[in-house]
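Below you'll find the structure, written out as structure tokens, and then a few comments.
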Amino acid sequence: MMNYSHKMLRDDALKGKTIVVTGGGSGLGKSMATYFLELGANVVITSRNLDKLKVVQAEMEAQTGGKVLAVACDVRDYEQVEAMVKASVDKFGSVDVLLNNAAGNFISPTERLSANAFDTIIDIVLKGTKNCTLAFGKYWIDKKETQKVVLNIVTTYAWTGSAYVVPSATAKAGVLAMTRSLAVEWAKYGMRFNAIAPGPFPTKGAWDRLLPGDLKEKFDLAKKVPLKRVGDHQELANLAAYLVSDFSAYVNGEVITIDGGEWLKGAGQFNLLEDVPEEMWDMLEAMIRAKKSK
Ligand code: HXC
Ligand code: NAP
């Protein structure tokens, strides 16, 4: 029987497309890039560490039979980003999709952060997304290429905010504003902009920095999710593949949350009544009804 851990789209859903995945050598970026290859796309994976990317490139090509280009590119540096655009176009002729997935994050009380620590996260997440978006956007406009897609990875605290990850929350909120703004402004050039807000999807990069040591056991993130589990990489890859494919051609300026209901559980005022034992509800109902009859 089919379920969320299965591959959703038809095999040729991304055939002929070239997709750049920043931070594509690890975690969620790697999972999404692998699925895009399986659906027929050419993929460019980028990050700061070329040796790591080359290993992943070989692994991906062997697994999928697809074509992968690995490019070292620190998204904080506009010149490196422009060189990455050129390397991608030189290799594949054109690029159809930019997936802004690279990020930096760690937990810290904000007063412990140096100005440089705060800047580092803003620079990777907000400035990095801006750099890649601007470089590809200008390229596509200049070349009059249309039917382009930018997909940004944010988080649900882009709109709720979150203590202890303030630089990340600030930066992701900016990325979301950029997504919605450009969805309108650059639609006339044939570009679509959307975002995904994932809930907890276990990756080494995030877990080592957000749940170091025994915090993993102390704060079981699955318990915060109404569906009582963390995300499976394939279900995120399924959503991303849909959003970068032509099947989502009329979806523009949207942020899609995939978190099992996690952020709403934290938000709803009376959601804490989940802790009321089943057998108490008869008594509570009787107390409430008794008030009404007076
Ligand atoms: C306080 C810290 C710190 C910490 C670094 N700094 N770690 N301050 N607490 N734990 C400070 C440093 O002292 C320095 O400031 C500044 O931050 C920059 O640090 P560098 O190590 O020089 O930076 P860099 O080598 O560029 O590394 C960036 C990084 C690192 C963000 C610090 O963790 C990294 O490379 N991350 C990439 C991958 C990643 O973060 N993945 C997780 C994404 S998860 P000073 O003042 O000393 O110079 C995610 C999930 C969201 O986004 C939601 C999940 C549910
Ligand atoms: P990850 O594996 O650490 O991914 C981050 C990637 O970004 C790495 O490949 C890293 O590669 C790259 N990167 C970092 N700094 C960079 C820079 N300056 N230039 C270029 N690349 C850089 O973590 P992940 O969990 O898969 O995160 C992927 C995305 O999902 C992020 O946008 C994150 O905010 C988002 N997200 C994750 C979760 C979750 O539960 N995992 C939840 C919500 C949102 P190098 O270090 O080799 O450069």
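Just so it is clear, the values below take in all heavy atoms, side chains as well, and ignore hydrogens, waters and symmetry mates. Order of listing sets the numbers, starting from 1, for every ligand and every atom in it.
- Between V75 and ligand 2, an N or O atom pair is found at a separation short of 3.5 Å.
- Set against the non-hydrogen atoms of A206, the atoms of ligand 2 under 4.0 Å away are 25 (O), 41 (N).
- Using modelled atom types and a 3.5 Å distance limit, the side chains of T120 and R76 yield no donor-acceptor pair.
- Proximity of atom 3 (O) of ligand 2 to the protein is indicated by at least one non-hydrogen atom lying closer than 4.0 angstrom.
- A distance below 6.0 Å separates the ring centres of W263 and W159.
- Below 3.5 Å of separation, one finds no N or O of T155 facing any N or O of ligand 2.
- Those atoms of ligand 2 with a heavy atom of G199 less than 4.0 angstrom away are 40 (O), 42 (C).
- Proximity of I107 to ligand 1, defined as any heavy-atom pair under 4.0 Å, is not found for any part of the residue.
- Using a non-hydrogen distance threshold of 4.0 Å, C73 registers as a contact of ligand 2.
- Residue contacts with ligand 1 include I121, since one or more of its heavy atoms lies under 4.0 Å from the ligand.
- By the 6.0 Å contact criterion, NZ on K143 is open, its count of non-hydrogen atoms from other residues, nucleotides or ligands being 12 or less.
- Checked by atom type, the side-chain pair N49/S47 shows no donor-acceptor distance below 3.5 Å.
- Ligand 2 is approached by K172 to a heavy-atom distance shorter than 4.0 Å.
- If you number the atoms of ligand 2 from 1 as listed, the ones under 4.0 Å from a heavy atom of G205 come out as 3 (O).
- When hydrogens are left out, the protein atom nearest atom 54 (C) of ligand 1 is L210 CD1, 3.5 Å; that is the closest non-hydrogen contact.
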>> Walk me through whether Y164 and T110 qualify under side-chain hydrogen bond (donor to acceptor under 3.5 Å, both in side chains).
In response: CA-CA 6 Å; Y164 302 102; T110 306; over 6 Å; no
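- With hydrogens and angles disregarded, a donor-acceptor distance shorter than 3.5 Å links the side chain of N194 to the backbone of G253.
- Within the 4.0 Å heavy-atom shell around ligand 2 one finds P200.
- Not a single heavy atom of G231 lies less than 4.0 angstrom from ligand 2.
- Summary of contacts: the protein heavy atom closest to atom 44 (S) of ligand 1 is A206 CB, 3.6 Å.
- For the pair T155 and ligand 1, the shortest N or O to N or O distance does not fall below 3.5 Å.
- Within ligand 2, counting atoms from 1 as listed, the ones closer than 4.0 Å to a heavy atom of W207 are 40 (O).
- Atoms of ligand 2 lying under 4.0 Å from any heavy atom of D74, numbered from 1 in the order shown and given with element: 17 (C), 18 (N), 19 (N).
- Ligand 2 has an N or O atom lying under 3.5 Å from an N or O atom of S26, backbone or side chain.
- Here K204 has no heavy atoms under 4.0 Å from ligand 2, in either its backbone or its side chain.
- Contacts with ligand 1 closer than 4.0 Å are made by heavy atoms of both the backbone and the side chain of N105.
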> Run the side chain to side chain contact (heavy atoms under 4.5 Å, CB included) check on M60 and I45 step by step: do they pass?
Replying inline: CA-CA 10 Å; M60 282 174 166; I45 52 173; 4.2 Å; yes
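- Under the 3.5 Å distance criterion, with hydrogens and angles disregarded, a donor-acceptor pair is assigned to the side chains of T179 and N152.
- Among protein heavy atoms, atom 33 (O) of ligand 1 sits closest to R209 NE, 2.7 Å.
- Between L28 and ligand 2, at least one pair of N/O atoms sits closer than 3.5 Å.
- Residues T64 and Y35 bring no donor and acceptor atom of their side chains to less than 3.5 Å of each other.
- Within ligand 1, counting atoms from 1 as listed, the ones closer than 4.0 Å to a heavy atom of G104 are 31 (C), 39 (C), 40 (O).
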> When you look at M84 and C132, which way does the side chain to side chain contact (heavy atoms under 4.5 Å, CB included) test go after all the steps?
Replying inline: CA-CA 9 Å; M84 180 269 283; C132 295; 4.2 Å; yes
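- Interface of R76 with ligand 2, defined as ligand atoms under 4.0 Å from a residue heavy atom, comprises 18 (N).
- Heavy-atom contacts of P198 reach the following atoms of ligand 2: 42 (C), 43 (C), 44 (C) (cutoff under 4.0 Å).
- Nearest-heavy-atom check against atom 31 (C) of ligand 2 across I153, N101, V165 picks out N101.
- Here is the list of ligand 2 atoms found below 4.0 Å of a heavy atom in G27: 2 (O), 26 (O).
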> What's the verdict on side-chain hydrogen bond (donor to acceptor under 3.5 Å, both in side chains) for N3 and S5, showing C-alpha distance, side-chain angles and the deciding distance?
Replying inline: CA-CA 6 Å; N3 71 22; S5 67; 2.7 Å; yes
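- The contact set between ligand 1 and A103, taken as ligand atoms under 4.0 Å from a residue heavy atom, comprises 37 (C), 38 (C), 39 (C), 40 (O), 41 (N).
- In this structure, G104 has no heavy atom closer than 4.0 Å to ligand 2.
- Counting heavy atoms closer than 4.0 Å to ligand 1, residue A117 contributes atoms from both its backbone and its side chain.
- Closest heavy-atom approach to atom 12 (C) of ligand 2 among the candidates G23, S168, G24: G23.
- Polar contact check, F201 against ligand 2: a nitrogen or oxygen pair lies under 3.5 Å apart.
- At a threshold of 4.5 Å between non-hydrogen side-chain atoms, the residues N42 and I19 do not count as touching.
- Relative to atom 27 (O) of ligand 1, the option among K204, R48, R76 with the closest non-hydrogen atom is R48.
- Within the set T203, V165, N116, the minimum heavy-atom distance to atom 48 (O) of ligand 1 is found for N116.
- Scanning all protein heavy atoms for the shortest distance to atom 42 (C) of ligand 1 gives G205 O, 3.7 Å.
- Each of L243, V20, I153 was evaluated against L99; a single residue qualifies, I153, per the side-chain contact (heavy atoms from CB on, under 4.5 Å) test.
- In terms of modelled atom types and a separation under 3.5 Å, the side chain of T22 and the main chain of T46 share no donor-acceptor contact.
- Cation-pi geometry between R10 and F247 is not met at under 6.0 angstrom from the ring centre and within 45 degrees of the axis.
- The closest approach between a heavy atom of V125 and any atom of ligand 2 is not below 4.0 Å.
- Distances from atom 14 (C) of ligand 2 to the heavy atoms of G25, G128, G29, A103 put A103 nearest.
- The heavy atom nearest to atom 8 (N) of ligand 1, considering only F106, W207, F118, Y157, is found in F106.
- Although no hydrogens or angles enter the test, the distance criterion places a donor-acceptor pair under 3.5 Å between the side chain of Q80 and the main chain of D74.
- Looking only at protein heavy atoms, the nearest one to atom 29 (C) of ligand 1 is T120 CG2, 4.6 Å.
- Between R209 and ligand 2, no N or O atom pair is found at a separation short of 3.5 Å.
- Residue contact annotation: P200 has no non-hydrogen atom under 4.0 Å from ligand 1.
- Below 3.5 Å of separation, one finds an N or O of S114 facing an N or O of ligand 1.
- At least one N/O-N/O distance between R48 and ligand 2 falls below 3.5 Å.
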